[in-house]
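In the text below, chain A, chain B and the rest are named by the order of the sequence lines, each starting its count at 1.
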Amino acid sequence: MSVVTRFAPSPTGYLHIGGARTALFNWLFARHHGGKFLLRIEDTDRARSTPAAIQAILDGMRWLGLDWDEPETYQSARAERHAEVAYKLLEQGRAYRCYASKEELEEMRQKARAEGRPIRYDGRWRDRDPAEAPADVTPVVRIKMPLEGETVIEDRVQGQVTVNNEQLDDMVLLRADGSPTYMLSVVVDDHDMGVTHVIRGDDHLTNAFRQYQLYRAMDWEPPVFAHIPLIHGPDGAKMSKRHGAVGLEAYREQGYLPEALRNYLLRLGWGHGDVEIISTEEAVRLFDLDGVGRSAARFDFDKLANFNGHYIREAEDSRLTEDVTQRLESRLGRSVTAEERGRLLRGMDGLKQRAKTLVELAENAEFYVARPQALTPKAAKQLDDDARGRLARLQVRLDGLDDWSETAIEEAVRRFAEDEDLKLGKVAQPLRAALTGSTVSPGIFEVMAVLGRTETLARLAAQAAPAEA
RNA sequence: GUCCCCAUCGUCUAGAGGCCUAGGACUCCGCUCUUUCAAGGCGGCAACACGGGUUCGAAUCCCGUUGGGGACGCCA
C-alpha cells in the first residue's frame, strides 16, 4: 500500500509553528516512503476563514519548502459530497434527525456541568418518533454512536489508546442549514483522498475516537493515526502571540533560514540517536514515526538561533547577498549600487561567520554599503588622540602601498605596528573603529581589501588626526 | 467536573531490564586560538517527579500519587 499523508490547516489564523511542524512531519513521512503528500484547506468555517489566511498558509508552505503533490483541496467545495454521506447514514438508520434547540442543548450542558456529570448530548432524539418533532425547529443530523463497549485506536505515536464508548456522544454531522461539520468533513475527505496516515497534533486525539466510529459506520477502513505532541512556548504554555513570532512569515522576517527551521522543527519531538544537524535529504532518509516522542516540547529560540547560524555559514554567499541587499535597501531607504553589492558579495564569507540571523547579518554588513555615521561608544573610545595620530601615520604608509591585496595590506600594517613598537591590536582596533564604526567586524585586513583602496583611505582620512606638522 | 495523553539536565533529546558512576545538543561558566567578534578545540555546572511493587538486577515493566497538557460546540 502506498503512503498518502495530508496537512489540513484551517485558514482562520496564520500558519503557525506547530502547524508547520505537523506539515513537515507529514511531508517527511510521505517522502520517506515514496508516497504522496496532500494539502487540504479546511475552510468550512465560512465566517472565520479569510483569503489572506489561505495565502499565508500557501506562502508559508512554499517558503518552508514543503511541496504538495496535487492541487490543494478546498474543503468548502466538497460540502455536497459530505452531505451525501450523511444522508446515506440516515437511510441506513446509522444516523438520525435531532430536533433539540440550541437553547435546550445549552441548558443540558449547564445542568451537566452543575451536577458534575460529563458534558455530552444525551441522545434524546435517538429513538424518538420523528412525528413528535416540533414544527419550528429545523433538525440537525446526528450519528448513532455505539452505546457500549470501547473504542481502541492503535496510534503510531501514542500507542494503544482506549476510550469507553459511553464517553462518545452522538455528534452532529449536518447542521440545521445542511452544511457538514468538521467531524464529517475530515473523515469523508480523508477517505476520498485516499489518506493512509493521519499525522496531526495531539489535540485531535480525542477526536480520533469519534472519527474512527464514523469510518466504521460508513464501512470504511480507518487510516493509521499518529498524534504528535504539541509545541509549547518557552514558558510551557501553548504557543501564542506572547511568545513572539506567530505566523511563519514572522520567522522569515526575523531572518531565519527555511532549512534551519526545518532542522529545528524536526528535532522538536523527533530524535535519531545523537544527531542534531540533519540536512533535509538526510531527514527524508531517516524520518519515521518510531522516532517521534510522546511528550510536549518547548520552543527554544536559542537553539533555533544556533541552528540558524550553522545554516547561514553553510549558505551560498550569493544567496545571502541577495537577501541582505534587500534588507539593507529597506533599512537605508535607497537602492544598493552595483559596487556596494560587489563589496557585500566579497565580504560575505567573513560576514556570515558571525551572524545568527539574516537580520543580524544585514546589520553587520551595513558598513560595507554606508559609511559609519555614528561610532559605537566602544569604537569612539578606541579613537583617542593617540590613536588618531597613529592612523594618520598609517594612512601615509598605506597611501604608498602598490598592492592592495589582503596579504599585502596585512604585511604593511604588521610592519607599521612593529616600527611603532606596538602590538597589532593597538593598530587594528582603531583601524576597525575608523573603518566600520564598531569594535566588532570581520578580519580587518579582509575589510580593507573588500572596501577597496579609495574607500578605505577616505574613511581613514575622516578619522585620522590632521597631518602632522 | 468528566474523559484522554504525557513525565530523563533550565531547554531539545539518547536510552526499548544489566553496556548508565545516565550519553549528545542548546544555554551558561572557564581555558584555548586570536587584530575584535564569532566559529572551532578543550573542560565544567546540571536530570531519571515521588511512593509502592515485579525481578538476582529498573531510567527502562506494573500500580498509585503529584505535576503538566489536551478534549469535552450546529469551531476546525
For this session: Quote, to the nearest angstrom, the P distance that separates B/C48 from B/U21.
Result: 15 Å

For this session: Assign A/Gly443 to base, sugar-phosphate, or nothing according to its heavy-atom contacts below 4.0 angstrom with the strands shown.
Result: base

Exercise. For B/C74, does OP1 or OP2 lie under 4.0 Å from any side-chain N or O of A/Arg109?
Worked result: yes

Exercise. Is there side-chain contact between A/Tyr87 and A/Leu174, with heavy atoms separated by less than 4.5 Å?
Worked result: yes

Exercise. Does B/C31 have a Watson-Crick or wobble mate here (both distances under 3.5 Å), and if so which one?
Worked result: B/G41

For this session: Using only side-chain N and O atoms of A/Ser441, determine if any of them is under 4.0 Å from OP1 or OP2 of B/C37.
Result: no

Seminar exercise, completed: Under a 3.5 Å limit on both distances, the Watson-Crick or wobble mate of B/A47 is none

Exercise. How far does the P atom of B/C33 sit from the matching atom of B/G41, given to the nearest Å?
Worked result: 16 Å

For this session: May I ask you to verify if any side-chain N or O of A/Arg294 is less than 4.0 angstrom from the OP1 or OP2 atom of B/C6?
Result: yes

Exercise. Hey, does the side-chain of A/Arg113 have a donor or acceptor N/O within less than 3.5 Å of a partner on the base of B/U2?
Worked result: no

Seminar exercise, completed: Among the nucleotides B/C26, B/U35, B/C74, whichever has the atom closest to the side chain of A/Lys303 is B/C26

For this session: Could you give the distance separating B/G30 and B/G53 at their P atoms, to the nearest angstrom?
Result: 47 Å

For this session: Return the nearest nucleotide to the side chain of A/Gln158; candidates are B/C6, B/G69, B/C4.
Result: B/C6

Exercise. To the side chain of A/Lys102, which of B/C74, B/C26, B/G69 is closest?
Worked result: B/C74

Problem set entry | A/Asp419 atom CG: more than 12 heavy-atom contacts under 6.0 Å | yes

Problem set entry | Nearest-neighbour nucleotide for the A/Asp300 side chain, B/C12, B/U11, B/U2 considered | B/U11

Protein N or O to nucleotides 17-19 of chain B N or O, pairs below 3.5 Å:
none

For this session: Determine the interatomic distance between P on B/U60 and the same-named atom on B/G52; round to the nearest Å.
Result: 14 Å

Exercise. So does A/Arg120 get a side-chain nitrogen or oxygen closer than 4.0 Å to the phosphate oxygens (OP1/OP2) of B/G73?
Worked result: no

Exercise. Would one find a side-chain N or O of A/Arg414 under 4.0 angstrom from OP1 or OP2 of B/U35?
Worked result: yes

Problem set entry | Pairing partner of B/C74 (Watson-Crick or G-U wobble, both distances under 3.5 Å) | none

Exercise. For B/G67, which nucleotide is its Watson-Crick or G-U wobble mate, given both distances must be under 3.5 Å?
Worked result: B/C6

For this session: Measure the distance from CE on A/Met171 to P on B/C72 and round it to the nearest whole Å.
Result: 12 Å

For this session: Between A/Leu268 and A/Tyr182, name the one whose nearest nucleotide on RNA chain B is closer to the 5' end.
Result: A/Leu268

For this session: Provide the distance between the two C1' atoms, one in B/G43 and one in B/C5, to the nearest whole Å.
Result: 41 Å

Exercise. Paired with B/A16: which nucleotide, if any, by Watson-Crick or G-U wobble criteria at under 3.5 Å for both distances?
Worked result: none

